[in-house]
Amino acid sequence: MNSNNWQWWQYFLGIAQQGSLSKAAQLLGVSQPTLSRQLQAMEQQLGQPLFDRSTQGLSLTLFGQSMLEECQNMQSSAQRLQRLAAGQTQTLTGRVRLAANELVALYYLPQIMPRFMETYSEVSLEIEVSNSASNLDKRDADVAIRMFPPTQLDLLCRKVSDIPLGFYASSEYLAKHGVPKDQTSLFSHRVLGYDRDPQFEVGARQLGMNIKNEQFLLRTDFLPLQFELAKQHAGITVTHKCLAEAAGLIEIELGFELPALPVYLVCHRDVQHNKKIRVLMDYLAEYLVACC
């Protein structure tokens, strides 16, 4: 096999991870016919098949399985080389990628990022918006704003603040439906909550409460929609105190305190000395506090 053809092994990894040519082609950014031809050429040069074909998709042969671990190690080494190279950059030009969840992206970043772009006008900023944790090993992002500390040893984090949480509703909703006084009366109201995301259920258990998503009368995993619905008198939501008070929502006292939401800035150890990344993290550490 051509020893320089790392791309073939990237194709192999993509197919192994996805289990189908169509999904792998989408992930890799190539057409399915191209990927199929490359796989056939690779297997022909190796002299044996890497995958078994069936109507359920592709599964690794024993030979393919024997190749997989070493190929994953090659990918990890290539990703580390990319991070180390990026980590040595000492200029304030070029791309830096930031990951943030939906509430932070929509209600915090618009207040603070225009000044960053004015100050560092040659930095190209990309923002990934997702409630799922971005993969910093694969450089899906350079810096992530997270509400939980990382557990990976290769990730560095800086705690910048705590965001107080509370139950909130509009004055119009409370005037029409009354104010709940405790947990029992809370769920006689229209509470806005999660659909498939279990984090409210998990948080409630930590407070000794047995709450299921099915109890919410209006459910969505898109937190900005919960917040906007509460502003339009649709019900009661749990949200950031600073956002709720700025929107004129009324806090509902239920006899217990919700734990604050910690805010961390996270990057990979290999890129911590990259000047653009350091500047972005320092900037966020300063100005996120003001928003929270």
Next item on the list: Determine, stepwise, if the pair E228 / K231 fulfils salt bridge (charged side-chain N to carboxylate O under 4.0 Å, His left out).
Entry: CA-CA 5 Å; E228 293 299 325; K231 287 167 58 178; 3.3 Å; yes

Check: Applying the 4.5 Å side-chain criterion to the ILVMFWY set and letting contacts propagate, would L243 and V129 be lumped into a single cluster?
Finding: yes

Check: Under 4.5 Å between side-chain heavy atoms, hopping through other hydrophobics if needed: is there a path connecting L186 to F256?
Finding: yes

Margin query: Using the side chain to side chain contact (heavy atoms under 4.5 Å, CB included) definition, which of the options L229, D195, I236, V191 pairs with L218?
Written below: L229

Note to self: With a 4.5 Å cut-off on side-chain heavy atoms, are F227 and L249 touching?
What the structure shows: yes

Check: Hey, does W8 have a side-chain heavy atom less than 4.5 Å from the side chain of Q45?
Finding: yes

Item checked: Between CZ on residue R146 and CG on residue L261, distance to nearest 0.5 Å -> 14.0 Å

Item checked: F167 vs T237 side-chain heavy atoms within contact, under 4.5 Å -> no

Notebook entry, point to check: So, R53 and E43, do they make that salt bridge, N to O below 4.0 Å?
Noted result: yes

Next item on the list: Take atom CD of E257 as the centre, draw a 6.0 Å sphere, and report whether it contains more than 12 heavy atoms from other residues, nucleotides or ligands.
Entry: no

Note to self: Is there a continuous path of hydrophobic side-chain contacts, each under 4.5 Å between heavy atoms, that joins V202 to F187?
What the structure shows: no

Next item on the list: Return the minimal non-hydrogen interatomic distance between E251 and G166, and the atom names on each side.
Entry: OE2-CA, 4.2 Å

Margin query: Please check: side-chain N/O of Y283 versus main-chain N/O of I112, any donor-acceptor pairing under 3.5 Å?
Written below: yes

Note to self: Treating T34 as the side-chain partner and V30 as the backbone partner, does any N or O pair qualify as donor plus acceptor under 3.5 Å?
What the structure shows: no

Item checked: Sidechain-backbone polar pair: N101 side chain, S130 backbone, donor-acceptor under 3.5 Å -> no

Check: Is it true that atom NZ of K23 has more than 12 heavy atoms of other residues, nucleotides or ligands lying nearer than 6.0 Å?
Finding: no

Checklist line | Short side-chain to backbone donor-acceptor contact, T61 and P49, under 3.5 Å | finding: yes

Notebook entry, point to check: Is there a side-chain contact between Y194 and E201, using heavy atoms and a 4.5 Å cut-off?
Noted result: no

Checklist line | Smallest separation among heavy atoms of A234 and L192, with atom names | finding: O-CD2, 4.1 Å

Margin query: Under the criterion side chain to side chain contact (heavy atoms under 4.5 Å, CB included), I'd like the reasoning laid out for T239 against L165: C-alpha separation, chi angles, the key distance, then a yes or no.
Written below: CA-CA 6 Å; T239 193; L165 301 175; over 6 Å; no

Item checked: Verify same cluster id: L46, L39 (apolar side-chain graph, 4.5 Å) -> yes

Margin query: Applying ring-ring contact (aromatic ring centres under 6.0 Å, His included) as the test, list every pair that has at least one member in residues 26-73; sequence neighbours left out.
Written below: F12-F51

Margin query: If I compare all heavy atoms of A141 with all of L136, which pair ends up nearest, and what's the gap?
Written below: O-CD2, 3.2 Å

Margin query: Less than 4.5 Å apart, side chain to side chain, heavy atoms only: is that true for L280 and L125?
Written below: yes

Checklist line | Side chain proximity check, L98 to D142, heavy atoms < 4.5 angstrom | finding: no

Check: Is it true that the side chains of Q199 and D197 contain a donor and an acceptor less than 3.5 Å apart?
Finding: yes

Item checked: W9 vs M42, side chain to side chain contact (heavy atoms under 4.5 Å, CB included): CA-CA, chis, key distance, verdict -> CA-CA 9 Å; W9 292 113; M42 186 177 186; 3.2 Å; yes

Margin query: If I compare all heavy atoms of L68 with all of A16, which pair ends up nearest, and what's the gap?
Written below: CD1-CB, 4.0 Å

Next item on the list: Working to the nearest 0.5 Å, report the span between CD of Q65 and CG of L50.
Entry: 11.0 Å

Note to self: With a 3.5 Å distance limit and no angle check, can you tell me whether H268 reaches the backbone of D270 through a side-chain donor-acceptor pair?
What the structure shows: yes

Checklist line | Nearest-0.5 Å distance that lies between atom CZ in F216 and atom NE2 in H189 | finding: 14.5 Å

Next item on the list: Taking the side chain as every heavy atom from C-beta outward, state whether L58 and I15 have any pair of such atoms under 4.5 Å apart.
Entry: yes

Checklist line | Residue pair R269, L155: steps toward the side chain to side chain contact (heavy atoms under 4.5 Å, CB included) verdict | finding: CA-CA 5 Å; R269 185 182 304 276; L155 299 185; over 6 Å; no

Margin query: I'd like to know if M117 and I145 are part of one continuous hydrophobic network [Ile/Leu/Val/Met/Phe/Trp/Tyr, side-chain heavy atoms within less than 4.5 Å].
Written below: yes

Next item on the list: Using atom types as modelled and distance alone, determine if a side-chain donor or acceptor of R97 lies under 3.5 Å from a backbone N or O of D140.
Entry: yes

Next item on the list: Step through the shown structure and confirm whether more than 12 heavy atoms of other residues, nucleotides or ligands are within 6.0 Å of CD on Q48.
Entry: yes

Next item on the list: Mind checking the SG-CG spacing from C71 to L13? Nearest 0.5 Å is all I need.
Entry: 3.5 Å

Notebook entry, point to check: How far apart are the C-alpha atoms of D162 and V263, what are their side-chain angles, what is the distance that settles it, and do they pass the side chain to side chain contact (heavy atoms under 4.5 Å, CB included) test?
Noted result: CA-CA 6 Å; D162 287 301; V263 181; over 6 Å; no

Note to self: Listing request: all side chain to side chain donor-acceptor pair (under 3.5 Å) pairs with a residue in residues 205-222, at least two apart in sequence or in separate chains.
What the structure shows: none

Check: Can you tell me how far the OG atom of S170 sits from the CD1 atom of I250, to the nearest 0.5 Å?
Finding: 8.5 Å

Check: For the atom pair SG (C267) and CG (L156), what is the distance rounded to the nearest 0.5 Å?
Finding: 5.0 Å

Checklist line | Side-chain heavy atoms of L265 within contact of C157, under 4.5 Å | finding: no

Notebook entry, point to check: Can the ring centres of H240 and Y108 be said to be less than 6.0 Å apart?
Noted result: yes

Item checked: Side chain S185, main chain K181, donor-acceptor under 3.5 Å -> yes

Check: Any idea which heavy atoms bring G14 and L28 closest together, and the distance?
Finding: CA-CD1, 4.4 Å

Note to self: Donor-acceptor check, side chain of R190 to backbone of H177, threshold 3.5 angstrom: yes or no?
What the structure shows: no

Notebook entry, point to check: What are the two closest heavy atoms between A144 and S134, and how far apart are they?
Noted result: CB-OG, 4.0 Å

